[in-house]
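Here the structure comes first, spelled out in structure tokens, and everything after it is commentary.
Order of the sequence lines sets the chain letters (A, B, ...), proteins ahead of strands, with each chain counted from 1.
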Amino acid sequence: MKKVLWLYEGEDNVPLPQIQAVEEKIGVHVEVRSLGEDFSSENLEQVLILGSSFSWHRERLLEFALQRSINPLQVRFFPWQEVQRIFPTTASKLLEHFLVETLKRRESYPAQVVKLLPERKVLVLPRLEKALQEVFSRFGIPVYSPQPPFLVERDGVNFVLSGESFHEKVGSVVLFPEWQEEPPLRIPMEVEETGRILPLARFRNLLSQKKFREKTVVFVVSPQSHSLKDWEEVFALARDLSRSQKAKIWVLAEEIMVAAPQFERLYRETRSEGALFEKTKISTIVLQPTLDMQGLWVEFETERDRYHQRFRADWVVYVPKRSPLPFGASSWWRGDAPIEVFFDLENPNLPRFSTSLQGVFIASQFDEEYFLELAQTVDTYLTQGKIAVSDCTSVEEEKCVLCLTCLRTCPWKAIEIEGKSKRKRAHINWEQCHLCGICMAFCPASAIGVNSLYPEDFFMITTTGSGEK
Amino acid sequence: MIVGERKPVTEIIDNLKGYRKVLVLACGTCVTVCMSGGEKEAQELASLLRLKGFQAQAQTVERQCEKEFNLQLQTGICACEAVVSLACGIGVQVLADCFPRVPVFPGLNTTFMGAPVEQGIWEERCSGCGECLVHLFGNVCPITRCAKSLLNGPCGGSRGGKCEVKPERDCAWQLIYDRMKSQGKLESLLEVQPPKNWSFSRYGGQRKMIREDVKL
Amino acid sequence: MSFLESVLQRGIFAVTAEVGPPKGTERSVIEKKCLQLRDYVDAVNITDNQTAIVRLSSFASCLIARECGVEPVMQMVCRDRNRIALQSDFLGACALGIENFLCLTGDHQSMGNHPQAKNVFDIDSVQLLGILNDMKEKKIFQCGETLKGEVKAFLGAGENPFADPIEFRVYRLAKKVSAGARFVQTQAVFDVEMFARFMEEVRKMGLHEKTHILAGVIPVKSPQALRYMQNEVPGLSIPASLLERMEKAPDPREEGVQICVEIIEKLKTIEGVRGVHIMAIAWESIVPEIVQRSNLYPRPRKEVG
Amino acid sequence: MRIASVGCDRQGFPALLRFLETFPEYRMDVTAVPCLGTVHESMMLHILEDGYQLLLLAGCPLDSCFNQKGSEFAFRKAQRVNALLTEAGIPKRVACAFVTADKIGEIKRVLESIVSGQKGEEP
């Protein structure tokens with residue numbers, strides 16, 4: 001029979017009595033061991049792992065499973081600490097319930113683990129820096145950067161690049177585009193002439209020379225530059241100008257970046273200083289010089305209520321949009337859907353360097369430790385690869401009505417249509433699926449199922465007993 | 001495909017006054033694709049009805065416009081007091097033909113034959129006039145997409161490529177003009193279109209197609 | 001009050017005839033027919049593109065008829081005009097002093113000479129009656145807005161007692177009456193028994209008090225014509241006996257007239273029948289004779305001016 | 001009143017649990033989903049059918065949802081369900097709170113506003 005482990009770490013208090021109770025109840029032996037121990041000698045193929053904490057500990061356990069190619073579905077958690085605190089009375093009952101449930105139903109998870117390790121080779125586009133090459137060689141990763149023209153195609157977790165002379169299979173692609181900075185909106189000649197519109201960098205120098213008392217300053221942040229630095233600076237400038245010099249501040253952007261924790265605070269402070277934030281389509285902002293050429297008329301439509309704004313600004317400061325200089329591979333497609341790969345954002349939502357396309361990394365800076373970091377990321381990706389559990393998402397062929405909704409709604413472009421004529425069906429690509437389950441929610445025929453990496457009987461667990469406020 | 005909109009819940013509930021056991025019947029074809037009468041919506045409506053104190057069940061038929069598929073539900077349908085069909089008008093009628101004794105209520109307003117222009121937006125494209133002329137108009141059907149069904153448009157109300165009747169709607173004739181221009185076939189728009197023969201359309205009364213060779 | 005209305009009010013057995021406008025512009029045709037009919041009928045129905053064949057418009061023909069001193073009954077069909085046009089025409093007719101209106105649904109265009117036409121049927125005859133009645137009584141348009149000025153109108157409807165489902169016909173008539181039909185002209189009666197049964201139903205529902213029912217009659221020239229009507233015209237019941245009689249007869253025209261007169265005599269005896277409507281299509285010249293022989297002559301005089 | 005709550009694994013669920021710790025006066029039943037985008041109308045209604053007056057959806061801030069639009073989708077769906085419920089005259093609601101794992105005041109605010117709102121409805 002399978003082995004059942006309860007892994008604890010540090011000073012987790014392991015709920016021994018409950019476990020024993022359950023052991024007697026259904027006659028399963030649960031080994032309680034520390035995560036620190038050395039499991040290398042044992043065969044953990046068929047093991048069921050239980051953990052006691054739900055927060056950071058969970059990641060550790062998943063990592064643990066990942067490295068030993070254990071089906072993540074075999075790793076289950078019970079937030080013992082939290083549940084104890086929240087439902088002190090019913091906690092142990094809940095736990096027992098959880099144990100019984102999981103131990104009883106563990107057979108129902110066929111542990112088909114496919115380990116897809118990418119080729120240990122990297123393609124660098126458009127051209128290869130000497131420094132980078134030697135950094136990669138330090139990690140023992142061969143690097144390619146052949147002369148165009150050639151074709152890059154995805155094949156499983158790998159990329160096949162084929163030119164007329166060569167045919168290579170690489171595990172990962174590193175994009176090193178040269179970024180060009182340009183204003184996010186069209187600036188007419190006459191507006192340019194006023195000299196009242198300038199990029200953030202130039203404005204920085206201006207701060208010391210000019211006075212902004214009672215002046216109106218407009219910051220225009222282009223959607224392509226969600227770079228945290230820029231945002232931080234914009235927030236700071238906006239706050240200080242309006243605080244110290246009573247300047248009237250507008251910040252116009254398509255999305256206002258508050259994801260990073262400290263930004264929440266910055267944003268609120270800046271608001272409280274009286275700076276105005278407006279979401280609007282940057283490309284639709286219209287600029288006109290005032291008659292005295294001492295300012296600009298700014299015209300735009302707020303996204304909230306489609307309200308047409310028009311006011312006079314003394315200074316318009318734009319955070320330039322950074323777009324890659326076009327080169328051979330500047331657009332990526334899956335089927336006929338373009339994939340957003342080129343955004344140089346340190347978006348806290350995405351891991352560093354990574355793009356929405358698994359195995360494709362993007363870099364922008366040219367210095368030693370930056371390279372090192374990059375190389376490390378790529379290395380870890382190549383060594384750990386990706387565990388694909390074949391029954392995590394499923395498309396019920398006979399239910400699918402080919403409405404293409406999933407294809408359109410999937411944020412990761414992970415879905416494509418496979419098969420011929422009437423047999424066509426939606427198919428979810430593992431390399432890209434992030435298990436968000438959005439397709440499942442949208443599918444009108446409820447043909448898509450996502451058994452996520454988390455116990456789906458969680459609801460039952462926390463609901464028992466504790467109802468009333 | 002056929003596009004429908006769910007009727008107001010209140011209306012459905014009013015129709016169901018006096019019935020307790022209700023079957024909500026989804027249709028697995030067009031209305032599923034246009035997200036108004038598929039399994040999801042059926043489930044939704046069913047639970048709403050349950051919350052209103054009905055004994056509601058939800059089921060799905062592949063195509064309600066096929067007798068055979070409906071008849072497979074014999075037992076289920078005869079067990080309940082009333083059926084709310086989320087199929088298009090066609091489905092509702094066929095279903096009612098199959099079970100003449102069971103009261104069947106439409107849960108949908110069948111709106112038009114159309115296509116999804118983008119996720120969540122459907123637009124009418126054809127009004128089944130029975131004599132297709134789109135090739136004359138750069139494959140934009142003026143009968144459907146022009147508010148006045150002009151064959152020799154555009155009318156005086158086209159402004160900024162939008163229709164005077166509904167400013168958010170594109171002027172069909174603007175589209176036609178642009179398309180033909182891009183195809184370099186503008187001169188073909190110069191010839192006067194004769195009055196259309198509507199006898200193939202609904203105006204000739206209910207229509208019927210018979211293929212002798214495939215009949216039994 | 002229109003002359004026809006007054007006649008019916010006074011309880012005189014009314015006589016109306018039918019005149020089809022020409023397929024062209026010669027008004028002389030209408031004038032001729034009207035002059036023939038003038039002293040023998042109380043009012044003349046002017047058909048509105050009957051059987052969906054394009055003719056001189058009913059509206060214009062009505063005016064011509066009035067000039068000839070005949071009281072017109074303007075027929076309005078829902079096939080060609082939507083509620084907007086119908087209401088406006090109605091207003092126009094009232095303004096020009098036409099007082100009798102007969103609201104019909106209208107034959108389908110596929111029977112006529114423009115089968116490719118798009119029909120309107122925005123509203124049906126019952127709704128049209130309702131709308132016109134509202135304009136008359138409540139002074140409002142269908143949309144609810146009010147209209148200015150006097151509306152003198154005597155509204156009528158058609159009804160066919162012989163079409164299926166027979167048993168429902170009387171209820172449909174009731175609908176029309178409640179919608180505002182002050183007089184009703186029926187489809188041509190050949191089978192008097194059947195019509196009598198229908199009238200029985202009508203009396204049961206007391207409709208004959210609420211509205212004036214004019215039974216339709218058609219004088220037939222020839223057995224062929226009769227057979228044609230039996231086969232082609234939907235909703236006409238023609239007893240076999242009549243057919244025989246026509247075929248046997250040495251002089252079909254005379255026989256046809258005779259039959260017509262007999263039918264009228266019978267109709268007079270049925271309670272609730274307030275008059276006859278003689279549809280001598282393309283044979284208007286015979287109407288005076290029929291009227292005389294079924295001793296409905298002389299007709300009451302129009303009070304001059 | 002009985003409250004059920006669904007939280008997304010990234011922000012919502014941790015926030016919910018932390019919320020329940022800090023404000024023990026609130027009792028609600030919590031469940032986790034990978035992303036709020038997973039929650040669809042019939043699921044919401046099913047939960048409400050289980051005898052809850054209020055379903056609280058807690059997810060990442062609208063403009064920083066890991067799955068780009070998950071929270072927004074959920075928000076729109078919730079609005080739709082609320083519309084249906086009001087239409088059908090059912091006094092149950094679905095509420096959304098967009099939180100980060102450490103910012104739980106939002107949840108309290110939402111709950112209070114809902115509760116007071118319902119108080120307002122009842123004469």
Engaged part of B:L48 at the chain D interface, taking heavy atoms whose separation is under 4.5 Å: both

Where is the tightest heavy-atom contact between B:V102 and B:A82, given as atom of each residue plus distance? CG1-CA, 4.5 Å

Which heavy-atom pair separates B:G128 from B:S201 by the least distance, and what is that distance? O-OG, 4.4 Å

Nearest heavy-atom neighbours spanning D:A88 and B:I13: CB-CD1, 4.1 Å

Are there any donor-acceptor pairs closer than 3.5 angstrom between chain B and chain D, and if so, which ones?
{"unit_1": "B:V9", "atom_1": "N", "unit_2": "D:E87", "atom_2": "OE2", "d": "2.7"}
{"unit_1": "B:E44", "atom_1": "OE2", "unit_2": "D:R80", "atom_2": "NH1", "d": "3.4"}
{"unit_1": "B:E44", "atom_1": "OE2", "unit_2": "D:R80", "atom_2": "NH2", "d": "2.9"}
{"unit_1": "B:R50", "atom_1": "NE", "unit_2": "D:E49", "atom_2": "OE1", "d": "2.5"}
{"unit_1": "B:R50", "atom_1": "NH2", "unit_2": "D:E49", "atom_2": "OE2", "d": "3.2"}
{"unit_1": "B:K52", "atom_1": "NZ", "unit_2": "D:A88", "atom_2": "O", "d": "2.8"}

Determine the minimum heavy-atom distance between B:V104 and B:S85, stating which atoms define it. CG1-CB, 4.1 Å

Show the nearest heavy-atom pair for residues D:A58 and D:V99, with the distance to one decimal. CB-CG2, 4.5 Å

Could you report the tightest heavy-atom contact between B:F54 and B:Y19, atom names first, then the distance? CE2-O, 3.3 Å

